[in-house]
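Take a look at the structure below.
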Amino acid sequence: MAITHNLGFPRIGSQRELKFALENYWGGRLTADELEITAADLRRRHWQQQAELDFAPVGDFSLYDQVLDMSVTVGNLPARATDKDGSALDAYFRAARGRGASDSPCCATAAGEMTKWFDTNYHYIVPELSADTRFELNSERLLSQLAEAREHGVNAKPVLIGPVTYLWLGKTSDGSNRLDLLERLLPVYSQLLEALADAGADWVQIDEPALVTDLDANWRYAFNLAYHQLKANRPKLLLATYFGELRDNLQLACELPVAGLHIDAVSAPAEVSRVADWLPSHKVLSLGVVNGRNIWKSDLLDLLDRLEPLNEKLEERLWLAPSCSLLHVPVDLQRETELDIDIRSWLAFAVQKLHEVHILARALNEGRDSVRTELTGNQQALQSRRNSNRVTNPEVRKAAAAITPELGRRQSGYSDRIATQRQALKLPAFPTTTIGSFPQTREIRQARLKYRKGELSAKAYTEQMQAEIAHCIKEQEQLGLDVLVHGEPERNDMVEYFGEQLDGYTFTRFGWVQSYGSRCVKPPILFGDIHRPNAMTVEWTRHAQSLTDKPVKGMLTGPVTILNWSFVRDDQPRKDSCLQLALAIREEVQDLEKAGVNIIQIDEAALREGLPLRQSDWANYLDWAINSFRIAANGVADSTQIHTHMCYSEFNDIIEAIARMDADVITIETSRSDMELLDAFRNFEYPNDIGPGVYDIHSPNIPDKAHIINLMTLAAERIPAERLWINPDCGLKTRKWEEVTPALETMVAAARELRA
Ligand code: GLN
Ligand code: ZN
């Protein structure tokens, strides 16, 4: 008897109900009770949508973030969030975002630090730890959700983040070792497990994804210590790992004294049989066989071929589930009525994925014939995808196969190129520029919306955008910037804009995935070979250039960033899709060059986000990622200046790879951690031109001129001044003109003083 379960369900709601309820609550338009009603409705609906399963998760629902919830459960919210008046809910939101709903603007505190949840695009609130941290159980949320689930007749399996991963996710502020806190933390977990058992929980899922990362002996020891202590508690523990291979932690994971182990059979297929062999014979093996992070249908027959022998061997000890929490996929494909009917038949969102798990279990438990229709339908869909001429484009395949190392090489080295470029461009020392976008005003967004709805003609839309570009150019000239941009008014999003113009991409209407808190993204779907039927940016850039004598920088998104912010096809390696994107961007670069654009920026904001969890896999990723960038960028003459831009401050550990991109100029976000940038320069001599972001665009504050001068002076101690540029640290689209104009005035004034 294979048992089915789920690790977690998306909580935002198929119509983003939670997002809107939260934002209304924060805005004072909804009471706490009303917010709670929406939350309870969503939980009930989500349990209904999981009714086919033997166990449904409980406690996976969160108003903001599951890691922050765990911080509440173990009594570890920062004091600045809890020491003010107001409800527990206010304290929770204060920890998340600096403000409770009832707080007046004056009383904002620092929001919790946010960082990426493993290698996904979900962001969690980092637990704040120090040698003084004390823990105290607050089981209220879990117990009430458990009671609620049982009332609805759900066979509930509470979900927790395990104690070791909880500490692993945290940061200490005082230089102390987070692992020293384990002994203080474990009694709270023991109490919690007992409380859950008292409330009727037979099984508890305890997530320890830290087991798929590189762990040293201390962390491994912590796992042993923790689970030997927790084994005395009553509920049976299903230890859940996901997002990667266990590798050198495989034996450890198999031997920990728990009742069951969940592994991610999608990202670690080769480990399934090893784990099945290692796992002591009394333990449950839960296999995450349906990809919880992507949106494609599974190959059910292939899975059954692999599962049937395991089912014979494990019998009732085999559990089936998606590979990880379904938090990372949209809720329900049913709503995508406008999607191309073929493509739609290839997809599965959360609800469909759970149905796949159910079908697999039935086939194992009652024989394949019991689900014959479903299996046939599944095979037909996969067939149609394999044979679709929308997926395969022979021309693109030929071009990708013909890629040679020459394609990634510039004609000359940096020093020759830069000499040619300097002569042609005649820029002053410390040239000033921006990262590309200027404020996306209400009018711009409305025009785009109307155009999409057909309420604005193409001609009227184009004219309005051209007027916006003209305005941007005039402002930049008045400010005295040296390298101008067109301002990107026509772009909704730096990936979607390009995806929409490339064959091989499609878009959902409701495919929202939580990024953090109430923020959702709707990643485009890369389903087929990538082909660029027409130039994508040339007309806008050409128009901008026609309005000024100053150089206008063309603005593109790079292949790695387009890839990392999309749902990517699973029928070929990511690397191959990235190379196809690179070829398409390369054509755009060459078209821009032909149109007389002498400076072209290719943004790789998300390059670092694609780094694999294991350090030993970094080199391989960086090799193909950097190679893709170089193919996109390097088909130009020496006189064409290639810029790139990156959006993160921690780049010390990959600065050599960044140098290998060999962009003539890189602009990089550094202002939120100016010292880190300088550290990187101490250890590595960055060879090309660089523009360290001199002010933080995420804040409405106007930068301080002296601070900019100071930062650049420090930078000039490490990098020759003739290679330094001056720019903000990212695009300005989220800011208002009232903020942008004085900020850039200050920046230009600082540059003038530096030149003098
Ligand atoms: N060119 C883009 C902009 O200015 C870059 C955005 C980003 O780095 N995230 O908006
Ligand atoms: Zn940026």
Side-chain angles (χ1 to χ4, degrees), residues 114 116 121 123 432-441 444-445 448 465 468-469 472-473 475-476 481 483-499 515-516 519 521 523-524 536-537 540-541 544 552-566 585 588-589 592 597 599-610 629 632-633 641-651 658 661 663 665-673 677 690-699 725-737 739-740 743-744 747:
M114 229 169 22
K116 270 163 60 81
N121 286 330
H123 300 75
T432 53
T433 190
T434 61
I435 307 305
S437 59
F438 270 88
Q440 286 258 332
T441 58
I444 294 178
R445 278 180 278 130
R448 198 160 47 229
M465 291 301 122
E468 197 54 51
I469 290 169
C472 269
I473 294 288
E475 286 287 325
Q476 294 174 82
L481 289 158
V483 171
L484 313 193
V485 295
H486 79 287
E488 305 180 24
E490 78 288 6
R491 300 187 192 175
N492 37 357
D493 172 279
M494 66 187 286
V495 170
E496 197 166 80
Y497 179 76
F498 291 93
S515 168
Y516 65 90
R519 280 296 187 96
V521 293
M536 304 182 281
T537 64
W540 301 119
T541 318
V552 172
K553 176 163 73 163
M555 198 56 58
L556 304 173
T557 302
V560 187
T561 297
I562 298 182
L563 185 88
N564 284 343
W565 284 345
S566 304
I585 300 296
E588 186 72 14
V589 168
L592 280 169
V597 180
I599 306 183
I600 300 167
Q601 176 173 314
I602 307 171
D603 291 327
E604 285 292 15
L607 184 106
R608 194 174 205 288
E609 289 190 12
F629 175 85
Q641 187 167 71
I642 296 290
H643 289 216
T644 188
H645 164 71
M646 274 175 210
C647 266
Y648 43 81
S649 32
E650 307 158 49
F651 69 143
I658 292 175
M661 292 167 79
V665 184
I666 183 170
T667 57
I668 191 153
E669 183 213 301
T670 53
S671 59
R672 280 186 285 187
S673 61
L677 166 82
I690 186 163
V694 293
Y695 81 88
D696 179 7
I697 60 93
H698 304 89
S699 146
W725 288 62
I726 300 192
N727 43 264
D729 73 353
C730 197
L732 300 165
K733 73 172 174 195
T734 57
R735 297 263 65 92
K736 302 189 179 90
W737 276 106
E739 297 157 350
V740 164
L744 291 178
M747 192 185 88

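One-based numbering, in listed order, for ligands and for the atoms of each. The figures here come from the full heavy-atom set of this structure, side chains too, leaving out hydrogens, waters and symmetry mates.
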Can you list the steps and then say if Leu556 with Val589 is a side-chain contact (heavy atoms from CB on, under 4.5 Å)?
CA-CA 8 Å; Leu556 304 173; Val589 168; 3.5 Å; yes
Please verify the inter-ring angle class for Trp725 with His643; under 30° counts as parallel, over 60° as perpendicular, anything in between as tilted.
perpendicular
Around the Zn ion (ligand 2), how many protein N, O or S atoms are closer than 2.8 Å?
3
Side-chain donor/acceptor of Arg448 to backbone N/O of Pro489, under 3.5 Å
yes
Crowding at NZ, Lys736 (>12 non-hydrogen neighbours, <6.0 Å):
no
Any donor and acceptor pair, going by atom type alone, linking the side chain of Thr644 with main-chain N or O of Ile666 inside 3.5 Å?
no
For Gln440 and Arg445, indicate whether the former's side chain and the latter's backbone hold a donor-acceptor pair under 3.5 Å.
no
What residues form a side-chain hydrogen bond (donor to acceptor under 3.5 Å, both in side chains) with Ser566, not counting sequence neighbours?
Tyr505
Applying side-chain hydrogen bond (donor to acceptor under 3.5 Å, both in side chains), name anything that partners Thr667, two or more places apart in sequence or on another chain.
His645
Per the under 4.0 Å non-hydrogen criterion, ligand 1 touches Ile435, Gly436, Ser437, Glu488, Met494, Met555, Asp603, Ala605, His645, Cys647, Cys730, Gly731
Applying the side chain to side chain contact (heavy atoms under 4.5 Å, CB included) criterion to Val483, which one of Asn727, Thr434, Ile599, Val552 satisfies it?
Ile599
